[in-house]
Amino acid sequence: MAMTDQEQKELRFYCALLLKEYGFQFSPNDPVIPALYIIHKEMQRNSESNKALASQVKEALSRINPKEYHFHCAGEAWKFQLGIALKWILIGLIILLFTVVAAWYWAMAKDVDGARTIIGSSGNVSELLKAVREDKADQYFIDFTAAKGDSIRNFKEYRKLNANTVRIYLGRKAR
């Protein structure tokens, strides 16, 4: 369908007026104006389709994750609140259970370390118990002698550090 000269002139004048609104100065006789008008109409149609698509996405999103809840029967709101409370109670119980298991595991590991220390020192303690004697009054005692030179025999000799302190060597730390 071909346009008459008058229709082309009116279209050019309308396009020049439309472009002038957006700050573009073109003469109504400029041959570029119809192409710019077509570009303008395409962009306008594209913008409208984008707005329609955005509204459809927004509507679908509102159906997927509603922000409002409508209760139509008696007792629905109470059941809904009960469900929320049960959810938080369940989450709290899971966290509490995890904390209890972690504390139990930590206590067991700590007890194992303590048992290892006891087992490691049991040789030294049995050596000390061998040195225990009993007197006539049924009192238990251990005799220690002063160290001679630089050598110290574990549980047998002591070194006097000062007038009030005596150091008894128990042995070396096991590595």
N-O pairing of Arg45 and Glu42 below 4.0 Å: yes
Identified side chain to side chain contact (heavy atoms under 4.5 Å, CB included) partner of Ser47 from the options Gln44, Met43, Lys51: Lys51
Joint cluster assignment, Trp78 & Leu86, ILVMFWY side-chain distance < 4.5 Å: yes
Of Leu90, Leu96, Ile91, the residue whose pairing with Ile94 passes side chain to side chain contact (heavy atoms under 4.5 Å, CB included): Leu90
Leu97 side chain near Leu93 side chain, heavy-atom distance below 4.5 Å: no
Hydrophobic cluster membership, Ile95 vs Trp88, 4.5 Å side-chain cutoff: yes
